[in-house]
Peer 1: 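Can you read through this structure? Questions will come right after.
Atom set for the values below is all heavy atoms of this structure, side chains included, hydrogens, waters and symmetry mates excluded. Owing to the predicted nature of the structure, the values given are computational and were not obtained by experimental measurement.
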Amino acid sequence: MLQTPRRARQVAALSLVFGAVLLVGAATGAWGDPGDPAPRPSADAARAAVGGPPADPAGTALSEQQAEHLLGATGDRWGAYYSAQEYAEFSQGLDGRYLGVGLSVGRGEDGVTEVSQVAPGGPAAAAGIAPGDRLLRIGPDQADHLPVTDVVARLRGRGDERRAGSEVTLEVRRGEGEVRELRLRRALLDSQQVAVEHLDKGVLRITVRAFTSGVADRVRAALRAPHGGVVLDLRGNSGGLVDEAADTAGIFLDGGPVGSYQERGETRELTAPPGGDQRTPLVVLVDGGTMSAAELLAGALQDRGRALVVGARTFGKGTVQQPSRLADGAVLEMTVGRYYTPAGRSPEGTGLAPDVPAATGEETDALALRVLAGLGTRAR
């Protein structure tokens with residue numbers, strides 16, 4: 001089913017919270033005590049734009065249907081309405097955290113519920129749970145009898161369970177071994193948006209899934225490892241905080257422009273500080289799931305001639321949204337301007353074309369390595 005831009009934006013934004021595992025049939029275990037965070041610019045706005053909680057534009061509560069009607073009447077393709085709980089979880093996701101036990105689950109072909117991933121250092125890992133373990137029960141209920149989405153809801157907790165320190169009881173079994181009953185306490189965990197892999201010939205692949213708080217620092221830390229070339233993988237990156245994307249671009253640029261964005265008619269420039277790495281060969285991977293702030297980063301490195309971009313045309317979202325709190329705690333986000341790459345391009349509606357398109361049937365990773373080899377690698 002085709003999604004409207006507004007619906008696509010909401011799905012992309014919430015994916016920062018729920019994680020890409022939902023797109024492949026797995027489910028992340030708990031995130032989010034809603035709390036009452038003040039609205040701030042959303043996944044496509046720079047933190048520098050935050051001056052304080054925006055005023056309530058309506059002065060009253062709006063139903064989701066009324067909010068959708070308002071957005072439709074203004075012609076805002078990328079505006080979105082969030083319930084108070086949805087926005088609180090979204091905001092927490094932008095902080096790079098989620099509340100849970102640190103496991104992901106999936107439903108196997110035989111109908112069993114299995115642990116697919118375990119977050120290092122989380123409650124599940126501390127209890128000895130490992131990928132491949134079968135999840136038998138959550139509380140009194142058999143996990144196999146529940147939809148995966150219900151498994152997620154029970155792992156993250158409901159009502160007053162949605163807080164750090166609340167308990168969830170699980171029964172798990174490894175292979176044909178004994179059933180273990182475990183009591184885990186939910187905790188705030190790192191959403192792990194950056195993954196690092198050492199490839200052949202000294203190439204470092206850094207995958208960034210979304211630009212949440214602290215991502216640029218994690219990329220800097222990854223680059224301390226010896227490497228002769230870098231593949232920056234932004235495929236499926238749903239965007240995030242523009243200042244984090246700009247900071248990440250600055251790691252590879254020795255000063256100069258990263259881009260600009262408009263906020264209510266005023267242009268704000270994004271620049272890189274001096275001293276970034278201009279020498280190490282760099283390839284950026286993109287696809288149709290590369291959105292928003294990730295497009296800004298790819299476009300900046302492309303415009304500045306710092307990297308070759310490999311893959312498929314990006315999604316095409318180049319706008320900035322500003323949130324406003326409604327009387328009932330819900331949040332209405334409305335578009336306040338566009339952002340532009342250093343060459344003045346906006347990805348809005350068209351996306352960005354790669355320098356090297358990925359041919360049909362060709363392994364994109366292998367293509368990236370060939371392109372990087374053509375750029376030459378250097379020892380570090």
Peer 1: Heavy atoms, side chains only, cut-off 4.5 Å: are Leu297 and Phe252 in contact?
Peer 2: no
Peer 1: Using modelled atom types and a 3.5 Å cut-off, is there a donor and acceptor pairing between side-chain atoms of Glu295 and backbone atoms of Lys317?
Peer 2: yes
Peer 1: Taking atom types as modelled and ignoring hydrogens, do the side chains of Thr290 and Asn237 form a donor-acceptor contact shorter than 3.5 angstrom?
Peer 2: no
Peer 1: Just wondering, do Leu332 and Leu70 contact through their side chains at under 4.5 Å, heavy atoms?
Peer 2: yes
Peer 1: To the nearest 0.5 angstrom, please state how far the OG atom of Ser213 sits from the CZ atom of Arg218.
Peer 2: 8.5 Å
Peer 1: Is there a donor-acceptor pair closer than 3.5 Å between any side-chain N or O of Asp144 and the backbone N or O of Thr113?
Peer 2: yes
Peer 1: Report the residues that fulfil salt bridge (charged side-chain N to carboxylate O under 4.0 Å, His left out) with Glu167, sequence neighbours left out, ordered by chain and then residue number.
Peer 2: Arg183, Arg185
Peer 1: Passes side chain to side chain contact (heavy atoms under 4.5 Å, CB included), Phe211 versus Leu234? Steps please.
Peer 2: CA-CA 10 Å; Phe211 288 101; Leu234 302 180; 4.1 Å; yes
Peer 1: For residues 245-258, which residue pairs pass the side chain to side chain donor-acceptor pair (under 3.5 Å) check, not counting sequence neighbours?
Peer 2: none
Peer 1: For residues Arg137 and Gly139, report the shortest heavy-atom separation together with the two atoms involved.
Peer 2: CB-O, 3.8 Å
Peer 1: Between Gly299 and Thr341, what is the shortest heavy-atom contact and its length?
Peer 2: CA-CG2, 3.9 Å
Peer 1: Please report the closest heavy-atom contact between Pro342 and Ala300, naming both atoms and the distance.
Peer 2: CD-CA, 3.6 Å
Peer 1: Show the nearest heavy-atom pair for residues Ser238 and Ala210, with the distance to one decimal.
Peer 2: OG-CB, 4.3 Å
Peer 1: Can you give me the closest heavy-atom contact between Arg174 and Gly128, atom names plus distance?
Peer 2: NH2-O, 2.7 Å
Peer 1: Tell me whether Leu136 shares a hydrophobic cluster with Val101, the cluster being built from Ile, Leu, Val, Met, Phe, Trp, Tyr side chains joined at under 4.5 Å.
Peer 2: no
Peer 1: Can you tell me how far apart CG (Leu103) and CG (Asp133) are? Round to the nearest 0.5 Å.
Peer 2: 10.0 Å
Peer 1: Below 4.5 Å, heavy atoms only, C-beta onward: do Val310 and Pro354 meet side chain to side chain?
Peer 2: no
Peer 1: Would you give the length of the straight line joining atom CG of Leu182 to atom CD of Glu171, rounded to the nearest 0.5 angstrom?
Peer 2: 9.0 Å
Peer 1: Can you measure from OG1 (Thr314) to CE (Met291) and round to the nearest 0.5 angstrom?
Peer 2: 10.0 Å
Peer 1: Under a 3.5 Å distance rule, please check whether Asp287 uses its side chain to pair with a backbone N or O of Gly236 as donor and acceptor.
Peer 2: yes
Peer 1: Should His198 and Leu204 count as side-chain neighbours, where that means a heavy-atom distance under 4.5 Å?
Peer 2: yes
Peer 1: Under 3.5 Å, side-chain donor or acceptor atoms of residues 344-352 against the rest of the protein: list the pairs with distances, not counting sequence neighbours.
Peer 2:
| unit_1 | atom_1 | unit_2 | atom_2 | d |
| --- | --- | --- | --- | --- |
| Arg345 | NE | Asp303 | OD1 | 3.2 |
| Arg345 | NH1 | Gln302 | OE1 | 3.4 |
| Arg345 | NH2 | Gln302 | OE1 | 2.9 |
| Arg345 | NH2 | Asp303 | OD1 | 2.5 |
| Ser346 | OG | Glu348 | N | 3.3 |
| Glu348 | OE1 | Trp78 | NE1 | 3.2 |
| Glu348 | OE1 | Gly318 | N | 2.8 |
| Glu348 | OE2 | Arg77 | NH1 | 2.6 |
| Glu348 | OE2 | Trp78 | NE1 | 2.6 |

Peer 1: With rounding to the nearest 0.5 angstrom, report the CZ to CG distance, Arg205 to Leu372.
Peer 2: 12.0 Å
Peer 1: So Thr280 and Arg306, do their side chains get closer than 4.5 Å, heavy atoms only?
Peer 2: yes
Peer 1: When you compare the side chain of Ile206 with that of Val194, does any pair of heavy atoms fall below 4.5 Å?
Peer 2: yes
Peer 1: Please find the pair of heavy atoms, one from Ala272 and one from Leu253, that lie closest to each other, and give the distance.
Peer 2: CB-CB, 4.2 Å
Peer 1: First locate atom CD of Glu269, then atom OH of Tyr340, and finally report the distance between them rounded to the nearest 0.5 Å.
Peer 2: 12.0 Å
Peer 1: Look only at the side chain of Glu244 and the backbone of Ala216, and say whether a donor-acceptor pair between them is shorter than 3.5 Å.
Peer 2: yes
Peer 1: Less than 4.5 Å apart, side chain to side chain, heavy atoms only: is that true for Arg220 and Leu223?
Peer 2: no
Peer 1: Could you note down all residue pairs passing salt bridge (charged side-chain N to carboxylate O under 4.0 Å, His left out) where residues 226-241 supplies at least one of them, sequence neighbours left out?
Peer 2: Asp233-Arg235, Arg235-Asp365
Peer 1: Return the set of residues passing salt bridge (charged side-chain N to carboxylate O under 4.0 Å, His left out) with Arg173 (not counting sequence neighbours), or none when no residue passes.
Peer 2: none
Peer 1: For the backbone of Leu170 and the side chain of Arg180, can you confirm whether one donor and one acceptor N or O come within less than 3.5 Å of each other?
Peer 2: no
Peer 1: If only side-chain N and O atoms count, and only distance matters, is there a donor-acceptor pair under 3.5 Å linking Ser116 with Glu114?
Peer 2: no
Peer 1: Assess the residue pair Val168 and Arg154 against the criterion (side chain to side chain contact (heavy atoms under 4.5 Å, CB included)); give the C-alpha distance rounded to whole Å, side-chain angles, the decisive distance to 0.1 Å, and a yes or no.
Peer 2: CA-CA 8 Å; Val168 57; Arg154 292 167 189 249; over 6 Å; no
Peer 1: Using the salt bridge (charged side-chain N to carboxylate O under 4.0 Å, His left out) criterion, which residues pair with Arg304? Sequence neighbours excluded.
Peer 2: none
Peer 1: Does the side chain of Ile251 come within less than 4.5 Å of Asp277's, by heavy atoms?
Peer 2: no
Peer 1: Of Val112, Val172, Val115, Val179, which meets side chain to side chain contact (heavy atoms under 4.5 Å, CB included) against Arg134?
Peer 2: Val112
